[in-house]
Amino acid sequence: MRLSRFVSAASALLLTAALALLGSGSAHAAGPVYAALGDSYSAGVGAGSYDSSSGSCYRSSRAFPRLWANAHSPSGFSFTACSGATTTDVLNNQLGPLNSSTTLVSISIGGNDAGFADVMTTCVLNSDSTCLSRINQARDFANNQLPARLDSVYNAISTRSPSARVVVLGYPRFYKLGTTCIGLSETKRRAINDAADLLDTVTAKRAADHGFAFADVRGTFTGHELCSGSAWLHSLTLPVYESYHPTASGQSGGYLPVFTSAA
């Protein structure tokens, strides 16, 4: 009788231990809690297939955050990136889903603060000298004002989600140089590329100083710039808001693999 009770007790103990181990394994295997923040390059503007509920944010089912979530089945996924977003917009409108349970965050931001849309409009419609002057204004902003704005966003992310891995995505160079290409002059194209490089350099430095990963997409877009003959970026197009944004191929072939490696 006593032996029987002992066996029963031992069996119950083993069963409890086994269930505990199984429970622990399931929790460990659970996917990340992922939040995708940022501007149009994260929202997927230019890729089409927009979620109608996202309105003028134009969040696309072909954007790299959605593609990554589809492939990795995170246990939680929030997608607040929005077309036209600045650092202020991220702080005011996109951080709601972040909390202590968030384990992965992606963000692209800074291009609109530096006046990306106005730079491209100026360069398309005006002379080389006017274009270069506007680009120089953007470069001055990127060097002297953008770092503090990025710090504000990065600090807010760290405060809300202190345990999250944060991946900051950069911007591609827009043009292949040294080719015959209808549209902007070589002078304009080179200056726009140099400005994109500066924006990436500033962003990468701020990301590193916050302990964040920087995902550089310039490599994956090499050979797929405008004027390359195999562009993953729209030129001036309709609807106008898709102009100078990655195509669906730019999201899946340019952004997704870089983010996947960094995540």
S.K.: List in chain and number order the residues that pass side-chain hydrogen bond (donor to acceptor under 3.5 Å, both in side chains) with N112, two or more places apart in sequence or in another chain; answer none if no residue qualifies.
M.R.: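 Counting only residues at least two positions away or on another chain, N112 forms no side-chain hydrogen bond (donor to acceptor under 3.5 Å, both in side chains).
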S.K.: List the steps and the verdict of side-chain contact (heavy atoms from CB on, under 4.5 Å) for V124 and Y244.
M.R.: CA-CA 11 Å; V124 167; Y244 307 109; 3.3 Å; yes
S.K.: Do side-chain atoms of D200 reach the backbone of Y171 as a donor and acceptor pair under 3.5 angstrom?
M.R.: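 A pair under 3.5 Å: yes.
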S.K.: Are the aromatic ring centres of Y255 and F221 under 6.0 angstrom apart?
M.R.: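 Yes, the ring centres sit under 6.0 Å apart.
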S.K.: Quick one about S133 and N136 (side-chain donor to acceptor, distance below 3.5 Å, no hydrogens or angles considered), yes or no?
M.R.: no
S.K.: Say you draw a straight line from OG of S61 to CZ of R66; how long is it, rounded to the nearest 0.5 Å?
M.R.: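 Interatomic distance, S61 OG to R66 CZ, rounded to 0.5 Å: 8.0 Å.
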S.K.: Minimum heavy-atom separation for H224 to T220, with atom names?
M.R.: CD2-O, 3.8 Å
S.K.: For residues N144 and D140, is any side-chain donor paired with an opposing acceptor at under 3.5 Å?
M.R.: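 Present: a donor and an acceptor within the cut-off.
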S.K.: May I ask you to test the R206-Y154 pair for a side-chain heavy-atom distance under 4.5 Å?
M.R.: yes
S.K.: Taking all non-hydrogen atoms of both residues, which atom of N193 and which atom of Y175 are closest, and how far apart?
M.R.: ND2-O, 2.7 Å
S.K.: Surrounding CZ of R218 (heavy atoms of other residues, nucleotides or ligands, distance under 6.0 Å), is the total greater than 12?
M.R.: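 Yes, the 6.0 Å shell around CZ holds more than 12 heavy atoms from other groups.
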S.K.: From D113 CG over to L199 CG, what is the distance, rounded to the nearest 0.5 angstrom?
M.R.: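 One gets 9.0 Å once the value is rounded to the nearest 0.5 Å.
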S.K.: Applying disulfide (SG to SG under 2.5 Å), which residue pairs with at least one partner in residues 180-213 are found, sequence neighbours left out?
M.R.: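 As it turns out, the disulfide (SG to SG under 2.5 Å) pairs with a partner in residues 180-213, which skip direct neighbours, are C181-C227.
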S.K.: Report the residues that fulfil side-chain hydrogen bond (donor to acceptor under 3.5 Å, both in side chains) with R62, sequence neighbours left out, ordered by chain and then residue number.
M.R.: none
S.K.: What closest approach, in Å, do D39 and S108 show between heavy atoms, and which atom pair accounts for it?
M.R.: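 Heavy-atom minimum between the residues: OD1-OG, 2.7 Å.
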S.K.: Begin from the C-alpha positions of N143 and F141 and carry the test side-chain contact (heavy atoms from CB on, under 4.5 Å) through to its verdict.
M.R.: CA-CA 5 Å; N143 279 318; F141 179 92; over 6 Å; no
S.K.: Which heavy atom of H245 sits nearest a heavy atom of S40, and at what distance?
M.R.: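 Smallest heavy-atom distance, with atoms named: NE2-OG, 2.7 Å.
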S.K.: Checking side-chain contact (heavy atoms from CB on, under 4.5 Å) for the pair W68/L104: CA distance, chi angles, key distance, verdict?
M.R.: CA-CA 12 Å; W68 189 92; L104 178 63; 3.6 Å; yes
S.K.: Verify the cluster assignment for V119 and V240: are they in a single hydrophobic cluster under the rule of side-chain heavy atoms below 4.5 Å apart?
M.R.: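 Shared cluster, no.
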S.K.: Taking S152 for the side chain and A148 for the main chain, is one N or O donor matched with an acceptor at less than 3.5 Å?
M.R.: yes
S.K.: Between Y58 and I109, is there shared hydrophobic-cluster membership here, with clusters defined by ILVMFWY side-chain heavy atoms closer than 4.5 Å?
M.R.: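 As far as the 4.5 Å side-chain criterion goes, I109 and Y58 are not connected within one cluster.
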S.K.: Going from CE on M120 to CG on D118, what distance comes out if it is rounded to the nearest 0.5 angstrom?
M.R.: 11.0 Å
S.K.: Give the C-alpha distance, both sets of side-chain angles, the deciding distance and a yes or no for salt bridge (Lys or Arg N to Asp or Glu O under 4.0 Å) between D51 and R59.
M.R.: CA-CA 6 Å; D51 178 358; R59 286 189 282 270; 5.7 Å; no
S.K.: Can you confirm whether the side chains of S230 and S228 place a donor and an acceptor under 3.5 Å from each other?
M.R.: no
S.K.: Could you tell me if the side chain of P172 sits less than 4.5 Å from the side chain of L233, heavy atoms only?
M.R.: yes
S.K.: Please identify which of these residues, V33, V166, V167, L95, meets the side chain to side chain contact (heavy atoms under 4.5 Å, CB included) condition with V105.
M.R.: V166
S.K.: Taking side chain as C-beta onward, heavy atoms only, is F79 less than 4.5 Å from P65?
M.R.: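 F79 vs P65: side chains touch.
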S.K.: Kindly state whether the ring of Y41 and the ring of F259 have centres lying under 6.0 angstrom apart.
M.R.: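 No - the distance between ring centres of Y41 and F259 does not fall below the 6.0 Å cut-off.
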S.K.: Between L169 and S106, is there a side-chain heavy-atom distance shorter than 4.5 Å?
M.R.: yes
S.K.: Please name the pair of heavy atoms, one in S161 and one in T102, separated by the smallest distance, quoted to 0.1 Å.
M.R.: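 Closest approach of S161 to T102: OG-CB, 3.4 Å.
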S.K.: Within this structure, what is the SG-CG distance for the pair C123 and L132, rounded to the nearest 0.5 Å?
M.R.: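 Between C123 SG and L132 CG, I get 7.0 Å after rounding to 0.5 Å.
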S.K.: Would you say the side chain of N126 lies within less than 4.5 Å of the side chain of C131, judging by non-hydrogen atoms?
M.R.: no
S.K.: Run E186 and L177 through side-chain contact (heavy atoms from CB on, under 4.5 Å) and show every step you take.
M.R.: CA-CA 7 Å; E186 181 88 355; L177 302 177; 3.4 Å; yes
S.K.: Determine whether V202 and P147 make a side-chain contact, defined as any pair of heavy atoms from C-beta on separated by less than 4.5 Å.
M.R.: yes
S.K.: Report yes if some heavy atom in the side chain of V258 is under 4.5 Å from a heavy atom in the side chain of D216; otherwise report no.
M.R.: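 No, side chains not in contact.
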S.K.: Mind checking the OG-CG spacing from S60 to L67? Nearest 0.5 Å is all I need.
M.R.: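 Going from OG on S60 over to CG on L67, the span is 7.5 Å.
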S.K.: Could you walk me through whether D194 and R173 satisfy the salt bridge (Lys or Arg N to Asp or Glu O under 4.0 Å) test, starting with their C-alpha distance in whole Å, then the side-chain angles of each, then the deciding distance to 0.1 Å, before giving a yes or no?
M.R.: CA-CA 8 Å; D194 289 347; R173 296 186 184 100; over 6 Å; no
S.K.: May I ask you to check whether F174 and F116 place their ring centers less than 6.0 Å from one another?
M.R.: yes
S.K.: At their closest point, which heavy atom of L37 faces which heavy atom of T80, and how far apart are they?
M.R.: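 Scanning both residues, the minimum pair turns out to be CD2-OG1, 3.2 Å.
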S.K.: Let me know which of K188, Q137, R134 forms a side chain to side chain contact (heavy atoms under 4.5 Å, CB included) with T122.
M.R.: R134
S.K.: Any heavy-atom pair between the side chains of P246 and Q251 that's under 4.5 Å?
M.R.: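 Yes - at least one pair of side-chain heavy atoms lies under 4.5 Å apart.
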S.K.: Using the rule that Ile, Leu, Val, Met, Phe, Trp and Tyr join whenever any side-chain heavy atoms are under 4.5 Å apart, tell me whether V168 and F64 fall into a single cluster.
M.R.: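 Yes: a chain of side-chain contacts under 4.5 Å links V168 to F64.
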S.K.: With rounding to the nearest 0.5 angstrom, report the CG to OG1 distance, N155 to T159.
M.R.: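 Spacing of CG (N155) from OG1 (T159) equals 6.0 Å.
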